[in-house]
Undergrad: 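Handing you this structure, nothing more for now.
In this text, all values refer to a predicted model and were calculated from it rather than measured experimentally. Every chain is numbered from 1 and lettered A, B, ... according to where its sequence line falls, protein lines coming before strand lines. Just the heavy atoms: all of them, side chains too, but no hydrogens, waters or symmetry mates, feed the values below.
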There are 2 protein chains.
Amino acid sequence: MSETTPSIIIADDHPLLLKGLSDFLIEKGYNLLGSGKDGREAYNLITQKKPDIAILDIQMPYMSGLEIAQQCKANALETKIVLITLHKEKELYQKAQELNIFGYILKEFALEEIETCIKNVTEGVPFFSEKIKELIGVVFMEDCNLNTLTPSEKKILKFIAQDKTNKEIASQLFISYRTVEKHRSNIITKLNIEPKTNSLLIWAKEHHEKLL
Amino acid sequence: MSETTPSIIIADDHPLLLKGLSDFLIEKGYNLLGSGKDGREAYNLITQKKPDIAILDIQMPYMSGLEIAQQCKANALETKIVLITLHKEKELYQKAQELNIFGYILKEFALEEIETCIKNVTEGVPFFSEKIKELIGVVFMEDCNLNTLTPSEKKILKFIAQDKTNKEIASQLFISYRTVEKHRSNIITKLNIEPKTNSLLIWAKEHHEKLL
DNA sequence: CTAAATTTACGTGTTTACACGTATTTCATA
DNA sequence: TATGAAATACGTGTAAACACGTAAATTTAG
C-alpha cells in the first residue's frame, strides 16, 4: 500500500504540545512538512503543501480543527484530517463522519496511539481512540434528540444555560413567561430528561458547549 | 547568585507535553535530572535526586502537583515547586503561598514563560503567569468565603454539585431534608450568592472543581 | 392557497428551592 | 466544666420550575 512515508503537517496552539508532537514525529522518521500554532496557519499549510495527513488540535485560535476540516471538504482537498484533543468531546463522532475526518486521538494517549493512527490513515482506514468509541452509545441518542428541537426551543435552551430564569428570558424575548415555561416543558419532553426540578438547568449546563 | 545551572525534574501525565517540555529544557541546556508521568514518580524523583526545581502538572494520577508541594513542605525539602497547567485555576494563588510554591505557568504560554520562570525561581523570586494575576481580584473574595463554610456545608455543596435534590441529600446523609435546606440557606448567605432560585446550583456547577 | 408545524399564551396544580426565625443536641476546647 | 460553634430540625411563607391540557396566531412548505 503505502510505499512512501506520508507527509504530515501539525497544528496546536499549545507550544509545548506542538513541540512534543513535532519532535516525536521527526524522531520516528515521519515526513513532517510544517507546523502551525493556530487554525489559520494550519489551513495555509494544508493548502500550500498539500500534505497527506494533517494532525490538528480541535481548539485553536482563528479556526478550530473542525472548521478546517469543513473547509478542506468544501475545497475537495485530499489531505486527511486527524483531530487531537484533551477532551472527550461527545458530539464529535458524528461530525467526524460528515467532515471526512479520518482520526481522533486523545492527548492522554497520544504517543501510543499516534503511530497506529498514522499507519491506519495512510492506508485509508479511519482511526478513533477507544475511549471515544465508548461514549458513542450515549452520543447518538442525545444528539438526535437535540436536533428535534425547534429554533425557538434552542434559543430558550441557550438562555437557560446562561442562568436566566423564565421571567428574564420572557422579558428579553418580549414574550409571556408562560410561553417560556411551555417551551421548557416541551424541551424536557423532547430531550427525555429525567423529571426532577432542576434537571433542565443541569442538562443545559452540561451540554452548553453544544449549544453555541 | 546562581553560578551553576539549576537541576530540574519534570512531571506530566500527558506524554506529548512531557516530551515537549523535556526536549525544550534539554535543548536550552538545562540540567534535567529526570521526568515522571504521574505524581508518584514525580515525588520519588524529588526525594531521590533533590533537584533545585520541580516543574509539575497540577492534575496527575496518584498525586496532584499540589499534594506533592504539601509533602515537600512537610518534609522540609528544598526543591522549589513550579506548577504548570492548562486551566486558570482560580483558588490556586493563595494555596501557592501556603505551600511554598514558587511558580505557576499556563501551558498556553509555557515556552515564552518557562525560561523567565526558571531564572526567577533560581534566584528565589516567585513567578506567576500574568493571566493568573488578572484573576486574583476575583479570587480572594470567593475563596475566603469558601473557607468560611463548615465541613457539613461543604459536604452539602458537593452533593448539590452532583445534581442531588435536598431530599436525596437528606436521605443519603440520614438527616432531615429541612436540615439540608437550612444548610443550603446558610451556604448561600456565607457565599454571598445572588438571591435567585437556582443560584446555588449554578454556583456549585461553576465551582465544582474547587469542591473536590 | 391549504395543511402542517411552530410559536404564542393561559389555567391549574405539584414539587423544589430559598428566606428567616427559632430551638435542641452534639462536640471541641479553653 | 463551661462556653460557643456546628449540626440538627421545624414552622411559615414566597418564588420558581415543571406537568398536562387547551387553544389561538403565525409561519412554512407543499
Undergrad: Using whole Å, what does the distance between atom P of nucleotide D/dC18 and atom CD1 of A/Ile160 come to?
TA: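 Going from CD1 in A/Ile160 over to P in D/dC18 covers 7 Å.
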
Undergrad: Return no unless some side-chain N or O of B/Ser185 is found under 4.0 Å from OP1 or OP2 of C/dC18.
TA: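 Indeed not, no polar side-chain atom of B/Ser185 lies that close.
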
Undergrad: For the pair made of CG in A/Asn186 and P in D/dA17, what is the distance, rounded to whole Å?
TA: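 Distance, rounded to whole Å: 16 Å.
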
Undergrad: What nucleotide, of C/dT12, D/dG11, C/dC18, holds the atom closest to the side chain of A/Arg178?
TA: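 For A/Arg178, the side-chain atoms sit closest to C/dT12.
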
Undergrad: Quick check for you: among D/dA17, D/dA7, D/dA19, whose closest atom lies nearest to any side-chain atom of B/His183?
TA: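 Nearest to the side-chain atoms of B/His183, counting from C-beta on, is D/dA7.
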
Undergrad: Would you indicate whether B/Lys196, at its atom NZ, is surrounded by more than 12 heavy atoms from other residues, nucleotides or ligands within a distance under 6.0 Å?
TA: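 Atom NZ in B/Lys196 is packed in, count exceeds 12.
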
Undergrad: Is A/Thr150 close enough to C/dT7 that one of its side-chain N or O atoms is under 4.0 Å from OP1 or OP2 there?
TA: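 It does, given that an N or O in the side chain of A/Thr150 lies less than 4.0 Å from OP1 or OP2 of C/dT7.
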
Undergrad: A/Ile193 has an atom CD1; how far is it from atom P of C/dT15, in whole Å?
TA: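 In whole Å, C/dT15 P lies 20 Å from A/Ile193 CD1.
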
Undergrad: Between atom CD1 of A/Ile193 and atom CD1 of A/Ile202, what is the distance when rounded to the nearest 0.5 Å?
TA: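 It comes to 9.5 Å.
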
Undergrad: Nearest heavy-atom pair of B/Ile46 and B/Pro51: which atoms, and what distance?
TA: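 For B/Ile46 versus B/Pro51, the nearest heavy atoms are O-CD, 3.6 Å.
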
Undergrad: Let's see if you can work this out: which of C/dA19, C/dT6, C/dA9 has an atom nearest to the side-chain heavy atoms of A/Ser176?
TA: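 When the side chain of A/Ser176 is considered, C/dA9 is the closest of C/dA19, C/dT6, C/dA9.
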
Undergrad: About how many Å separate CG of B/Leu18 and CG of A/Leu16, when rounded to the nearest 0.5 Å?
TA: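 Between atom CG of A/Leu16 and atom CG of B/Leu18 there are 10.0 Å.
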
Undergrad: With heavy atoms under 4.0 Å as the rule, sort A/Thr179 into base, sugar-phosphate or nothing.
TA: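 Base: the residue A/Thr179, judged by heavy atoms under 4.0 Å, touches a nucleobase.
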
Undergrad: Counting only side-chain heavy atoms from C-beta out, which of D/dC18, D/dA7, D/dA16 sits nearest to B/Thr197?
TA: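 Taking heavy atoms from C-beta onward, the closest nucleotide is D/dA16.
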
Undergrad: Which part of the nucleic acid does A/Thr189 contact within heavy-atom distance under 4.0 Å: base, sugar-phosphate only, or nothing?
TA: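 Nothing, no heavy atom under 4.0 Å.
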
Undergrad: Tell me the interatomic distance from A/Tyr177, atom OH, to C/dA9, atom P, rounded to whole angstroms.
TA: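 Spelled out: OH on A/Tyr177 to P on C/dA9 is 12 Å.
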
Undergrad: Over how many whole Å does the gap from B/Lys154 atom NZ to D/dA7 atom P extend?
TA: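 One finds 10 Å between P of D/dA7 and NZ of B/Lys154, rounded.
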
Undergrad: Side chain of A/Arg184, heavy atoms from C-beta onward: which of D/dA17, D/dT22, D/dT8 has the nearest atom to it?
TA: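 So the side chain of A/Arg184 is nearest to D/dA17.
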
Undergrad: Kindly point out which of C/dA17, D/dC18, C/dT6 is positioned nearest to the side chain of A/Ile188?
TA: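 Taking heavy atoms from C-beta onward, the closest nucleotide is D/dC18.
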
Undergrad: Can you give me the closest heavy-atom contact between B/Lys49 and B/Leu33, atom names plus distance?
TA: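 So the minimum-distance heavy-atom pair works out to NZ-O, 3.2 Å.
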
Undergrad: Report which part of the nucleic acid A/Ser152 touches: base, sugar-phosphate, or nothing (heavy-atom distance under 4.0 Å, all strands).
TA: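 Since only primed, P, OP1 and OP2 atoms lie under 4.0 Å of A/Ser152, the category is sugar-phosphate.
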
Undergrad: Considering only heavy atoms from C-beta outward, does the side chain of B/Asp12 approach that of B/Leu21 to under 4.5 Å?
TA: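 No, every pair of side-chain atoms sits at 4.5 Å or beyond.
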
Undergrad: Starting from P on D/dA16, measure out to CG on B/Leu201 and report it in whole angstrom.
TA: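 Rounded to the whole Å, the gap is 16 Å.
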
Undergrad: Heavy atoms under 4.0 Å, any strand shown: does A/Glu153 hit a base, just sugar-phosphate, or nothing?
TA: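 A/Glu153: no heavy atom of the nucleic acid under 4.0 Å.
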
Undergrad: In terms of side-chain heavy atoms of A/Lys182, which of C/dT7, D/dG21, C/dC20 is nearest?
TA: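 My answer, after comparing the listed nucleotides, is D/dG21.
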
Undergrad: With a non-hydrogen cut-off below 4.0 angstrom, is A/Lys167 in contact with a base, only sugar-phosphate, or nothing?
TA: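 The answer is sugar-phosphate, as A/Lys167 gets under 4.0 Å only of primed atoms, P, OP1 or OP2.
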
Undergrad: Whole-Å distance between D/dA19 P and A/Asn198 CG?
TA: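 About 12 Å, once rounded to whole Å.
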
Undergrad: In this structure, how many angstroms lie between the C1' atom of C/dT8 and the CG atom of A/Asn166, rounded?
TA: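 For the pair A/Asn166 CG and C/dT8 C1', the rounded distance is 15 Å.
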
